[in-house]
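Everything below concerns the one structure shown next.
Below, all heavy atoms of this structure are taken into account, side chains as well, without hydrogens, waters or symmetry copies.
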Amino acid sequence: MSNASEVLLKARMVSRPTSLEFIEKIFDDFFELHGDRHFEDDKAMVGGIASLDGMPVTVIGIQKGHTVKENVERRFGSPNPDGYRKVVRLMKQAEKFHRPVIQFINTSGAYPGKGAEERGQGEAIARCLYESSGLKTPVISIFIGEGGSGGAIAMAAGDRVWMLENGMYAVLSPEGFASILWRDPSRSGEAAELMKLTAQDLIKNGVIEKIIPEPEEGLENNLEFTTNIIKEELKKELAVLCVKPYDELLEERYQRFRKYGEFEE
């Protein structure tokens, strides 16, 4: 089992497969939809309609790149408010047509630029949480890499939250934690251990329900090993969630997050 510092390095690897690569392997007939109908199409957030063994689904993902050019274009996977408004648009469309929503999360956090703040970054994240918490269709969120700050929280208010074996999820980066607590960002490894951000820590505290294994040779070398598992788990989980009455689905979702005060120390 990797320690938190090792997990952090693996979650941030430039070679780690992106959301679009997961979507390509797991789903058929993916048709990407663009824009938030307010400002622009945010390339750090991708989403659209696809098929999971014949079942129509809406898939959404935070998109990073593998090269400097790709990462600049995608802002290193840090969405603007336009990206989160795209998420809300796609979720509401999924609700209208009774499609379950599958979300892939991989971000160090929402984009902190001046334009993002001017266009209401905080409100856009809050709107994501508000709409997804009451969405009348199943929502499954999967952490495939980093899960940082409100940028990740915005997409993690699902009925089920899963994480890859070398994923992480925390309120801020270990570097930020170390800077605040000790005024020394070089102590990020120590901070990562204290923050309980690994999949093993999070499943113990009830933040996630499932850990998805990764191949020993590395996710980038055998993506199908993990995507095959995700595909089968999605089919099993959606077979349960899709037959639940909406009031039961929403009540269970509400209770899932109400129990967060019961975490272990």
Interatomic distance, Lys235 atom NZ to Ile230 atom CD1 [nearest 0.5 angstrom]: 13.5 Å
Joint cluster assignment, Phe22 & Ile212, ILVMFWY side-chain distance < 4.5 Å: yes
Contacts of type side-chain contact (heavy atoms from CB on, under 4.5 Å), residue Leu250, not counting sequence neighbours: Lys136, Arg253
Co-membership, hydrophobic cluster, residues Met163 and Leu234, 4.5 Å side-chain: no
Salt bridge (charged side-chain N to carboxylate O under 4.0 Å, His left out) involving Arg99 - partner list, sequence neighbours excluded: none
Exercise: identify the closest heavy-atom pair between Ala157 and Leu129: CB-CD2, 4.0 Å
Heavy-atom closest pair, residues Pro174 and Ser188: CB-O, 3.4 Å
Step-by-step side chain to side chain contact (heavy atoms under 4.5 Å, CB included) determination, Val101 to Val57: CA-CA 6 Å; Val101 177; Val57 296; over 6 Å; no
Side chain to side chain contact (heavy atoms under 4.5 Å, CB included) between Tyr169 and Val207, worked out: CA-CA 9 Å; Tyr169 184 24; Val207 178; 3.8 Å; yes
Check: Phe30 and Leu20 side chains under 4.5 Å, non-hydrogen atoms: yes
Within-4.5 Å side-chain heavy-atom neighbours: Glu251 and Glu248: no
Expected output: side-chain Thr198 to main-chain Ala4 donor-acceptor under 3.5 Å: no
Check: Ile60 and Met91 side chains under 4.5 Å, non-hydrogen atoms: yes
Heavy atoms from other residues, nucleotides or ligands near CD of Gln255 exceed 12 (cutoff 6.0 Å): yes
Flag, side chain of Arg89 to backbone of His34, donor-acceptor distance under 3.5 Å: yes
Minimum heavy-atom distance between Ala154 and Ser132, given as atom pair plus value: O-OG, 4.4 Å
Side-chain touch Ile102/Leu52, heavy atoms, less than 4.5 angstrom: no
Cationic N near anionic O, under 4.0 Å, Glu209 to Arg256: yes
Pairwise side-chain contact, Ser78 with Ser108, heavy-atom cut-off 4.5 Å (strictly under): yes
Under 3.5 Å, which donor-acceptor pairs link side chains of residues 142-152 to any protein atom two or more places apart or in another chain?
from	atom 1	to	atom 2	distance (Å)
Glu146	OE1	Lys64	NZ	2.8
Glu146	OE2	Arg12	NE	3.1
Ser149	OG	Val171	O	3.4

Flag, side chain of Asn3 to backbone of Ser5, donor-acceptor distance under 3.5 Å: yes
Under 3.5 Å donor-acceptor, Asp36 side chain and Phe39 backbone: yes
Residues Glu123, Arg85: salt bridge by 4.0 Å N-O rule: yes
Electrostatic pair Asp41-Lys86, nearest N-O below 4.0 angstrom: yes
From Glu232 atom CD to Glu237 atom CD, the distance as rounded to the nearest 0.5 Å: 13.0 Å
Charged N-O contact under 4.0 Å between Glu131 and Lys92: yes
Check against salt bridge (charged side-chain N to carboxylate O under 4.0 Å, His left out), Lys244 and Glu252: CA-CA 10 Å; Lys244 287 182 182 289; Glu252 288 181 2; 3.3 Å; yes
Gap between atom OH of Tyr130 and atom CG of Leu135 - 0.5 Å precision: 12.0 Å
Whether over 12 other heavy atoms sit under 6.0 Å from Tyr246 OH: yes
Side-chain (Thr226) to main-chain (Leu223) donor-acceptor, under 3.5 angstrom: no
Phe225 atom CZ: more than 12 heavy-atom contacts under 6.0 Å: yes
Within one Ile-Leu-Val-Met-Phe-Trp-Tyr cluster: Leu219 and Val7, side-chain cutoff 4.5 Å: no
side-chain hydrogen bond (donor to acceptor under 3.5 Å, both in side chains) against Asn222, all qualifying residues, sequence neighbours excluded: Glu217
Non-hydrogen atoms of Leu33 and Gln93 that approach each other most closely: CD1-OE1, 3.6 Å
Cluster link Val46 to Ile105, ILVMFWY, side chain under 4.5 Å: no
Heavy-atom donor-acceptor pair, Asn80 side chain to Asp82 backbone, under 3.5 Å: no
Residue pair Ala170 / Met195: nearest heavy atoms and the distance that separates them: CB-CE, 3.6 Å
Minimum-distance pair of heavy atoms, taken over all atoms of Lys43 and Gln63: O-CB, 4.1 Å
Plane angle bin for Phe177 and Trp182 - parallel if under 30°, tilted between 30 and 60°, otherwise perpendicular: perpendicular
Residues Ile211, Trp162; criterion side chain to side chain contact (heavy atoms under 4.5 Å, CB included); working and verdict: CA-CA 6 Å; Ile211 299 175; Trp162 302 343; over 6 Å; no
Gap separating the OG1 atom of Thr58 from the NZ atom of Lys96, nearest 0.5 angstrom: 12.5 Å
Straight-line distance of Leu249 CG to Asp159 CG, nearest 0.5 Å: 4.5 Å
Same apolar cluster (I L V M F W Y, side chains within < 4.5 Å links), Val59/Ile229: yes
Salt-bridge criterion met for Arg75 and Asp42 (N-O under 4.0 Å): yes
Single hit among Lys10, Met13, Arg16 for side-chain contact (heavy atoms from CB on, under 4.5 Å) with Glu220: Met13
Side-chain heavy atoms of Pro100 within contact of Cys242, under 4.5 Å: yes
Side chain to side chain, Ile26 and Asn228, heavy atoms closer than 4.5 Å: no
Between Thr18 and Glu21: side-chain donor-acceptor atoms closer than 3.5 Å: yes
Nearest-0.5 Å distance, NZ of residue Lys204 to CD1 of residue Ile208: 12.0 Å
Of all pairs that satisfy ring pair (Phe, Tyr, Trp, His ring centres under 6.0 Å), the ones with a partner from residues 40-90, not counting sequence neighbours: none
Backbone N/O of Gly77 and side chain of Thr107: donor-acceptor pair under 3.5 Å: yes
Backbone of Ala50 reached by a side-chain donor or acceptor of Asp29 within 3.5 Å: no
Worked verdict on Leu8 versus Asn166 for side chain to side chain contact (heavy atoms under 4.5 Å, CB included): CA-CA 8 Å; Leu8 192 63; Asn166 291 306; over 6 Å; no
Side-chain donor-acceptor distances from residues 110-117 under 3.5 Å, at least two apart:
from	atom 1	to	atom 2	distance (Å)
Lys114	NZ	Glu118	OE2	2.5

